[in-house]
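Note: hydrogens, waters and symmetry copies are ignored here, and every other heavy atom, side chains too, is used.
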Amino acid sequence: MPFRTVRLPGYLMLRRRFAGAAAGAAVVLAASACSPAGSIESADVPAWKATALPSASGIVLEDAGKILDRNPIVKTATGVPAGSYTLTVGCDGGGKAFFDVSLDGHHLTEAGAACNGSRETARIKVQAAGTVQIRTASVDAPLIYAYQLTRAA
């Protein structure tokens, strides 16, 4: 039996085209819903930090930036006196960031933050004056982060 071309009435052809266009639009919308709202690479870190972390007094060490790969970022503060401190951390972009705190090379604590815009805090006791180092890292790059180490009241 030879192949025959069947012509559909105009309204059925239009209906088929509309269904195809609607399906295509649904795929595009679904894909865009899974992508982040903005690119981490072009994020304005100071503007984000201003809303992500509260302003604080008594800051001993702070940093904010982008982790675009899995390489850790290390910052130090020398001459930090003994006492109680609060580490406030936050990040955005998905995944999790880790903040490892050490004093003169000895591990004090590690704090983690879910990178969904929430803020986390950790209490830290520094037994003797020395150099505090905070190592920020994530396996979920890219993301933006911020932290503040402040003297506890």
Open item on the list: Are the side chains of Gln133 and Val74 in contact, using a 4.5 Å heavy-atom criterion?
Closed with: yes
Task: Same apolar cluster: Leu61 and Leu53, side chain cutoff 4.5 Å - done: no
Open item on the list: With heavy-atom distances below 4.5 Å as the criterion, would you say the side chains of Gln148 and Lys49 are in contact?
Closed with: yes
TODO: Find the distance between CD (Glu110) and OG (Ser102) and round it off to the nearest 0.5 Å.
DONE: 11.5 Å
Task: Side-chain touch Val132/Thr76, heavy atoms, less than 4.5 angstrom - done: no
Open item on the list: Just verifying a value: how many Å separate Gln127 CD and Leu108 CG, rounded to the nearest 0.5 Å?
Closed with: 9.0 Å
Open item on the list: Is it the case that the side chain of Asp140 and the backbone of Lys96 share a donor-acceptor pair, with hydrogens and angles ignored and the cut-off at 3.5 Å?
Closed with: yes
TODO: Kindly indicate, with the supporting measurements, whether the criterion side-chain contact (heavy atoms from CB on, under 4.5 Å) is fulfilled by Ile73 and Arg135.
DONE: CA-CA 6 Å; Ile73 298 168; Arg135 180 181 179 267; over 6 Å; no
TODO: Mind checking the CG-OG1 spacing from Leu103 to Thr109? Nearest 0.5 Å is all I need.
DONE: 12.5 Å
TODO: Compare every heavy atom of Asp104 with every heavy atom of Gly130, then report the nearest pair and how far apart it is.
DONE: CA-OD2, 3.6 Å
- [ ] Decide whether Ile124 and Val89 are clustered together by the hydrophobic rule: side chain heavy atoms of Ile, Leu, Val, Met, Phe, Trp, Tyr closer than 4.5 Å, transitively.
- [x] yes
- [ ] List the steps and the verdict of side-chain contact (heavy atoms from CB on, under 4.5 Å) for Val80 and Thr131.
- [x] CA-CA 6 Å; Val80 176; Thr131 299; over 6 Å; no
Open item on the list: Less than 4.5 Å apart, side chain to side chain, heavy atoms only: is that true for Tyr85 and Thr150?
Closed with: no
- [ ] Determine, using the 4.5 Å side-chain heavy-atom cutoff (strictly less than), whether Val126 and Val60 are members of one ILVMFWY cluster.
- [x] yes
Task: Nearest-0.5 Å distance that lies between atom CD1 in Ile144 and atom CD in Glu41 - done: 11.0 Å
TODO: May I ask you to test the Tyr147-Lys75 pair for a side-chain heavy-atom distance under 4.5 Å?
DONE: yes
- [ ] Might you work through the side-chain hydrogen bond (donor to acceptor under 3.5 Å, both in side chains) test for Tyr145 and Asp92, ending with a clear yes or no?
- [x] CA-CA 7 Å; Tyr145 72 91; Asp92 213 345; over 6 Å; no
Task: Check against side-chain hydrogen bond (donor to acceptor under 3.5 Å, both in side chains), Arg70 and Ser138 - done: CA-CA 6 Å; Arg70 293 182 175 188; Ser138 178; over 6 Å; no
Task: Check: Arg119 side chain, Ala52 main-chain N or O, donor-acceptor pair, under 3.5 Å - done: yes
- [ ] With side-chain contact (heavy atoms from CB on, under 4.5 Å) as the test, would you mind laying out the steps for Thr136 and Ile67 before giving the verdict?
- [x] CA-CA 9 Å; Thr136 306; Ile67 298 178; 3.8 Å; yes
